[in-house]
Each structure stands twice: as C-alpha cells, then as structure tokens.
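Let me begin by presenting the structure, written as structure tokens, before commenting on it.
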Protein chains: 2
Amino acid sequence: MNNTIERICKIYGYLAVQEQSGADFISSKELAEAIGTTEYTVRKDFSVLDIKGYTRKGYEVKSLKEKLGVKFRLNKERRACIVGLGRLGTALLDYEHFQNDGFEIIAGFDSSINKIERIQTKIDVFPVGALAEVVSSRGIELGIITVPAKAAQEIADVLIRAGVKGILNFSPVKLNVPKDIVRLDMDFTNALRFIAAKFVIQNK
Amino acid sequence: MNNTIERICKIYGYLAVQEQSGADFISSKELAEAIGTTEYTVRKDFSVLDIKGYTRKGYEVKSLKEKLGVKFRLNKERRACIVGLGRLGTALLDYEHFQNDGFEIIAGFDSSINKIERIQTKIDVFPVGALAEVVSSRGIELGIITVPAKAAQEIADVLIRAGVKGILNFSPVKLNVPKDIVRLDMDFTNALRFIAAKFVIQNK
DNA sequence: ATTTTTTAGTGATTTTTTTCACTTATTATA
DNA sequence: TATAATAAGTGAAAAAAATCACTAAAAAAT
Ligand SMILES: NC(=O)c1ccc[n+]([C@@H]2O[C@H](COP(=O)([O-])OP(=O)(O)OC[C@H]3O[C@@H](n4cnc5c(N)ncnc54)[C@H](O)[C@@H]3O)[C@@H](O)[C@H]2O)c1
Ligand SMILES: NC(=O)c1ccc[n+]([C@@H]2O[C@H](COP(=O)([O-])OP(=O)(O)OC[C@H]3O[C@@H](n4cnc5c(N)ncnc54)[C@H](O)[C@@H]3O)[C@@H](O)[C@H]2O)c1
C-alpha cells in the first residue's frame, strides 16, 4: 500500500506537468518510465484503485489527475507550517513550488526573537510560543520540522497536540508519534549512506 | 534488498549515537524500535548478513557497527560535492553533520560568478565550468544536485562523465542515469503529498 | 543446582508486491 | 474490409518481504 501511495504521488506530480504542457492521453508505459517502475505495476495500481483507461490510447491526463486527486485528496489545499527558521527552514519557507503543488506554507516559527525580526519573507513568522495557538486557529494540518535534533521531539509533541495530522521531519532523530499521525523523515545523511551502501552491494 | 539496505543505514546511524553514549550491547528489539521496524526483521537482516549476537545480551555495539561498516563500506570516508549554491545548496554546504558521518563535502559549484564570490564558507567553491575537472581530480564519488530543475539533467550528465558513482538529487525531476549509477531523489513536494495521501487512506 | 527469563538464530509460513501471460478493445494500416 | 498493432485489464504465478514459531544458549533468580 505504501508503495502504491508513493507511486501515485509521483504520478500525480508528473500528471501536473503533463497537463500543463497540454498532453491529452498518457500510457502506463510512459508513466512507468517517468516514475521509475514498470507498466505492469502502474496498471495494477490503477486496477486496484478502479481507474480505467482507453485501449490503445492510455489514460486521459486530466481525468486521471482528477480521480487521483479525489481519491487521495491531493486536489485539496493543505496548510503547513515550518518550525525552525535556520538555514534549512528559511530555504523551505521561500520555496514557491510548495504553493503551486497545493501545499500552502502559512507560518514559520523560531525560538529566536532576533531571527524572527530579521527574517525577510512574505510568510508570517512567529515566536515558537505561539505555535500551538496559530496551528489550531489557522487549521494547519502539516508540520515541517527544521529545528536542531534536541528540540525536535518537543516540537512534534506541540504540533500534534495542536492538531496537525502529519509531520515532515528534517532533523536526524526518530520522532515518537501516535500511530494515527503520519510521520516522514528526510534524513540526508541516511540518504547519502544509502547511496554509498547500494553502490557497494551492486558492484560485488 | 533495498529495504534491508535502508534499515542497515538507519541502524548504522543509531549505532553511532549509541557508541558515543557508551552503550556496550543492544538488542534487536531496541534497534527495531529505534528505526521503526520489528525485532524479527532486524534479526532476519543480520541472519542474512551472517552477523551474530550474544544470547541474552544482544549485539555488541562496537563490533556490530564495525561489521556493518565493512560490509557496506560505511566506514570509509566518501567525498561529495554540491552543485547549485542557492538557498538549499548553501544550507547543505555548511551542514557539519555530513562530515561527522563520513561524508566529506569538499567542493561547491555554481553558474553565477557573483554568488561564488559572495559566498561565505570554508569549503572550496568553483564556477560550474570546473565541475568535471575538480570531480575527477579530487576523487569525488557523490554528487548532490541543488540546481533548478531545468539544469539538473545536464549537471547529472557531467557528474557521471566525471566519475561520480551516486547522485543525491533535490531537484524535482526524474534524472536519467545509467543503471550502474545510484540515484536517490529527495522530492519534498512528493514527501508532503505522501503524508497527505497516507493520512487520507489511513482514515477511511 | 534448578528453574525462569531473556534474547538470538532460523526454517517455515504468511503476506505483500511485483511480474507474467493472456484477453479484449480500439485504432491504424494495407 | 481484413489485418496488424497498440495498450488496457486482470487472474495467476512468482518473487520478495515480513512474521511466526520454535530451538538454543546464557544469564539471573530462586
Ligand atoms: N542545514 C542542512 O543542510 C541540514 C541538512 C540535513 C538536516 N538538517 C537538520 O535540520 C535541522 C535544522 O538545520 P539547520 O542547519 O537549518 O540548523 P540551524 O541551526 O541553522 O537552524 C535551526 C533553527 O531552529 C531554531 N530553534 C532552535 N530551537 C528551537 C525551538 N525549540 N523551537 C523553535 N525553533 C528553534 C534556531 O533558532 C534556528 O533558527 C537540524 O535538525 C539539522 O540536523 C539540516
Ligand atoms: N529551496 C528549497 O527549499 C527547495 C525545496 C525542495 C526542492 N528544491 C529544489 O532544489 C533546487 C534548488 O533550489 P533553491 O531554492 O536552492 O534554488 P535557488 O534558485 O536558490 O538556487 C539555485 C542555484 O543554482 C545555480 N545554478 C543555476 N543553474 C546552474 C547550473 N547550470 N550550474 C550550476 N549552478 C546553477 C543558481 O545560480 C543558484 O545559485 C531546485 O531544483 C529546487 O526545485 C528546493
């Protein structure tokens, strides 16, 4: 199931691009190539999701995107916030792509008043003390954590208590969250390790 | 196999922390908890890798880390470079953790001479024209791509021709690489999509 | 000295995921 | 109009991954 979700998310992104460039139909083969899987897997995913295509044409880009959008609620705008406005946090804060793709970063938080005052961005920034209040009052569903490792769990706890449903964690700690909260870790060091390790395995 | 590699990388990171804090032995259960899997899976992974523990004690932290380090060459320093010194690239450039964990960022590249001149960092920065030369002469094995989407494939091609073995790609495009090159995409938008989609699926 | 508890090790089983093999529909072509 | 080609749909098979169920060893407790 996770694999399917992951593929669907990639497909959804690819469809957005294709839609923009005016493509009408797209085959399972092209989708497979675009996201790095096989046409069988793409068709099986769609089969399970009860999504139909057209023989000899493929899937209609617009309606396919629409259907995936509805099934996985990728069509709906989601509000997010970033906690920890250091080097990584500020880079993310100004990353316009998120907004285009349906994720609206509507607030940033930091513990340093200094930083908050100096920061240059169109997005509202607050002291971290306001986190719980802002998250719940503004209906923020996603929390992005870019604070130092030692503060990450505490921030996660506040976010969850305030009502976020998912956490994207950039700090290199494994956060404890209740199992109805979706957590995803972006650990760059592990990513580099994975690349290095995979290379070693592949070549022996 | 990929799943095993991923788990081993996480375990390796956790072991580094445990070693630091002076732990001697660690059980499959603790490891499982730390990386988010089951004790069975951890033991099975080790069983396959022919790694032995001690009954009623667990695995010896130091020698386990050592063994994984050797098997997956995670003990060896790897040189890496960052191409694209914008908001994300500069954040990564100064991220000290990489060095601690055996990844030595030894060069940064950008197409803007202006940027290169203004940038403040201890790491050597070069115009992108020097990429191929620096990569091959300094034995850089890993390339980190943080250029805009439209330049990403071209940079990947140069990196590969110059001899990198793996690419960590932060741009939101699927790079084409020969299959002996390990590529890993860090697509933050997809990560947010995944969280949102998983949440929807979980709660219906 | 004996029993209990804990934890690894692993073959067998189960579950999940992927791939295959084949059918069907539709369009293009001869 | 007949034939060829293309691409979806899907049950079956295969492969991969995870879990279970058990044994064995060692330490701790009685
Ligand atoms: N910089 C990178 O390239 C990079 C790469 C991988 C992972 N990370 C991880 O991302 C996180 C942030 O990294 P960074 O380099 O941006 O660090 P940073 O030190 O530049 O920024 C951290 C920010 O968090 C703020 N902060 C600290 N405690 C806080 C709290 N309790 N509540 C709110 N804000 C708080 C600090 O004031 C600072 O602005 C770290 O966990 C780091 O390990 C960073
Ligand atoms: N900023 C973020 O938070 C964020 C988040 C997710 C993904 N990304 C992706 O990471 C990449 C970089 O994002 P960013 O926000 O840092 O962008 P940015 O515009 O701040 O930086 C891009 C840098 O690449 C340089 N560059 C452009 N073409 C180049 C080339 N051919 N060779 C070498 N350097 C070149 C530019 O001079 C600039 O310094 C983009 O692909 C973006 O989609 C960024």
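Just so it is clear, the model here is predicted, and its values are computed rather than measured. Residue numbers begin at 1 in each chain, while the letters A, B, ... track the order of the sequences.
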Surrounding NZ of A:Lys76 (heavy atoms of other residues, nucleotides or ligands, distance under 6.0 Å), is the total greater than 12?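 Counting neighbours around NZ of A:Lys76, more than 12 heavy atoms of other residues, nucleotides or ligands fall under 6.0 Å, so yes.
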Look at the rings of B:Phe98 and B:Tyr95 and say which category their plane angle falls in: under 30° parallel, 30 to 60° tilted, over 60° perpendicular. perpendicular
Would you say the side chain of [Y] lies within less than 4.5 Å of the side chain of [X], judging by non-hydrogen atoms?
X	Y	answer
B:Asn100	A:Thr189	no
A:Ile26	A:Gln18	yes
A:Glu104	A:Arg79	yes

Pair A:Phe170 + B:Phe188: ring centers closer than 6.0 Å: yes
Aromatic contact between A:Phe25 and A:Tyr54, with the criterion being ring centroids under 6.0 Å apart: yes or no?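 Yes, they do, as the ring centres are separated by less than 6.0 Å.
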Is it the case that B:Asn2 and B:Glu6 place a side-chain donor and acceptor less than 3.5 Å from each other?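 No donor-acceptor contact under 3.5 Å links the two side chains.
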Protein-nucleotide distance ([X], atom [atom1]; [N], atom [atom2]), rounded to Å:
X	N	atom1	atom2	answer
A:Tyr59	D:dT6	OH	P	17 Å
A:Asn2	C:dT18	CG	P	11 Å
A:Leu64	D:dG9	CG	C1'	15 Å
B:Met1	D:dA18	CE	P	12 Å

Among residues 5-28 of chain B, which residues get a heavy atom nearer than 4.0 Å to DNA chain D?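 B:Arg7 - these, ordered by number, are the residues of the stretch whose heavy atoms sit under 4.0 Å from the strand.
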May I ask you to list the residues of residues 33-50 of chain A, by number, that have any heavy atom positioned under 4.0 Å from an atom of DNA chain D? A:Arg43, A:Lys44, A:Ser47
Can you tell me if B:Asn3 touches the phosphate of D:dA18, counting only side-chain N or O atoms and a distance under 4.0 Å to OP1 or OP2?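 For B:Asn3, the contact criterion (side-chain N or O under 4.0 Å from OP1 or OP2 of D:dA18) is met.
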Presence of A:Lys57 side-chain N/O under 4.0 Å of D:dA5 phosphate oxygens OP1/OP2: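 The answer is no; no side-chain N or O of A:Lys57 sits under 4.0 Å from OP1 or OP2.
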Report yes or no: is there a donor-acceptor pair, N or O only, under 3.5 Å between the side chain of A:Arg56 and the base of C:dT27? yes
Mind listing the closest non-hydrogen atom pair of B:Arg43 and B:Ser28 along with its distance?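 What the structure gives for the nearest pair is NH1-OG, 3.1 Å.
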Could you tell me whether A:Ile51 contacts a base, only the sugar-phosphate backbone, or nothing, with contacts defined as non-hydrogen atoms closer than 4.0 Å?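 Contact class for A:Ile51: sugar-phosphate only.
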Nucleotide forming a Watson-Crick or wobble pair with D:dT30, both distances under 3.5 Å: C:dA1
